[in-house]
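Being a predicted model, the structure only gives us computed values, none of them experimental.
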Amino acid sequence: MPMTTVPDQRSHRPTEPYAAASAPRAGTAGRTGGVGVIRSIGVAVLAGDPITGEGTTLGLRRHPGLRLLAADDHPTADVALVVTTRVTEETMTGLEDFAARSANPGLGIVLVTESVREHQVLRAVGLGLRGVLWRQECDFDQVLEVVRSVAVGGTELPPTVQGWLVGGLRTVQRDVLGPRGLTTAGLETRELDVLRLLADGLDTADIARELSYSERTIKNIVSGMMTRLGFRNRTHAVVHAIRTGVL
């Protein structure tokens, strides 16, 4: 289903290729549910048709802590809430345009749909997709919960979508990073070998013997890794590898 265009209620100018749901800018701070953060969340509602957009806006407007943004204010959004029956190429193009105009580097995207394909999810993750809900299985309260979670950096994905992402990472590691001696954490495989031994408590001399390198080579590997990735020290490098799941 193609995305429709509706006029901005304040200026009667065309907006994005989504049905833009407009709302007053004025908002009040509210508690974002279970996350324990008190602030107002700027939400841009992007819908596949005007009726869906207005209905979503009415459903969310009664909740405290949300600022439903007019089209001109969309670049400031904390969360883009995309509601559409089926994700199409028009949906993806509109979402890419929206993300390109965003002034918020932490923009989170929540998608509510009946149908989305694996390659579309993988594409949208790069734009900020962090929440997916099946339209036929959710209500406004569930949408609100996910919007609040995504606004503070959370991720809410159904098992099927999680599986797609894991499979996508494996493919990238196998076909793109692996042949170049890299990992998903941005580390070279020999850098990872060094970090693994550092995590085991070995010093430079021990690591050199274990890997059959000279101490100078080990020092160069560590120095290059820290400079390239901005690590403060060896401990920071080890923690990064652990947090990214490669160690």
### Query
Can any side-chain N or O of T84 pair as donor or acceptor with the backbone N or O of V87 at less than 3.5 Å?
no
### Message
For D73 and T76, which I'm curious about, is there any donor-acceptor pair between the side chains at under 3.5 Å?
### Response
no
### Message
Quick check: is V110 connected to F140 through a chain of hydrophobic side chains (ILVMFWY, heavy atoms under 4.5 Å apart)?
### Response
yes
### Query
For the atom pair CE (M225) and CZ (R190), what is the distance rounded to the nearest 0.5 Å?
10.5 Å
### Message
Under 4.5 Å between side-chain heavy atoms, counting indirect links through other Ile/Leu/Val/Met/Phe/Trp/Tyr residues: same cluster for L195 and Y213 or not?
### Response
yes
### Query
Out of curiosity, does V82 fall in the hydrophobic cluster containing L122 (side-chain heavy atoms, cut-off under 4.5 Å, transitive links)?
yes
### Query
Which atoms form the tightest heavy-atom contact between T113 and Q136, and what is the distance?
O-OE1, 3.9 Å
### Query
Can you check whether A151's main-chain N or O pairs, donor with acceptor, with D78's side chain at less than 3.5 Å?
no
### Query
Got a donor-acceptor contact below 3.5 angstrom from the S40 side chain to the L66 backbone?
no
### Task
Please name the pair of heavy atoms, one in A241 and one in L187, separated by the smallest distance, quoted to 0.1 Å.
CB-CD1, 4.1 Å
### Query
Got a donor-acceptor contact below 3.5 angstrom from the D139 side chain to the D141 backbone?
yes
### Step-by-step salt bridge (charged side-chain N to carboxylate O under 4.0 Å, His left out) determination, R123 to E89
CA-CA 11 Å; R123 184 173 161 189; E89 181 58 29; 3.0 Å; yes
### Query
Do M226 and I242 belong to the same hydrophobic cluster, where Ile, Leu, Val, Met, Phe, Trp and Tyr are linked whenever their side-chain heavy atoms lie under 4.5 Å apart, directly or via other members?
yes
### Message
Quick one: does any side-chain atom of T91 pair with a main-chain N or O of T88 as donor and acceptor, under 3.5 Å?
### Response
yes
### Query
Can you tell which of V147, L81, V112 makes a side-chain contact (heavy atoms from CB on, under 4.5 Å) with L133?
V112
### Query
Any sub-3.5 Å donor-acceptor pair from T227's side-chain atoms to S223's backbone N or O?
yes
### Task
Would you check, one step at a time, whether the test salt bridge (charged side-chain N to carboxylate O under 4.0 Å, His left out) holds for R101 with E96?
CA-CA 9 Å; R101 290 193 300 274; E96 287 171 342; over 6 Å; no
#### Entry: CD/E145: more than 12 non-hydrogen atoms of other groups inside 6.0 Å
no
### Query
Can you check whether W134's main-chain N or O pairs, donor with acceptor, with E137's side chain at less than 3.5 Å?
no
### Query
When the ring planes of H240 and F231 are compared, do they come out parallel, tilted or perpendicular, using 30° and 60° as the limits?
tilted
### Task
Answer yes or no: is there a donor N or O on one side and an acceptor on the other, between the side chain of Q162 and the main chain of L157, under 3.5 Å?
yes
### Message
Consider side-chain contact (heavy atoms from CB on, under 4.5 Å). Of I109, L107, L127, T93, which one does F98 pass it with?
### Response
L107
### Task
Please check if the side chain of R135 supplies one atom and the backbone of E114 the other of a donor-acceptor pair under 3.5 Å.
no
### Query
Is there a path of hydrophobic side-chain contacts, each under 4.5 Å between heavy atoms of I, L, V, M, F, W or Y residues, that connects V194 with L229?
yes
### R61/E54 ion pair, N-O < 4.0 Å
no
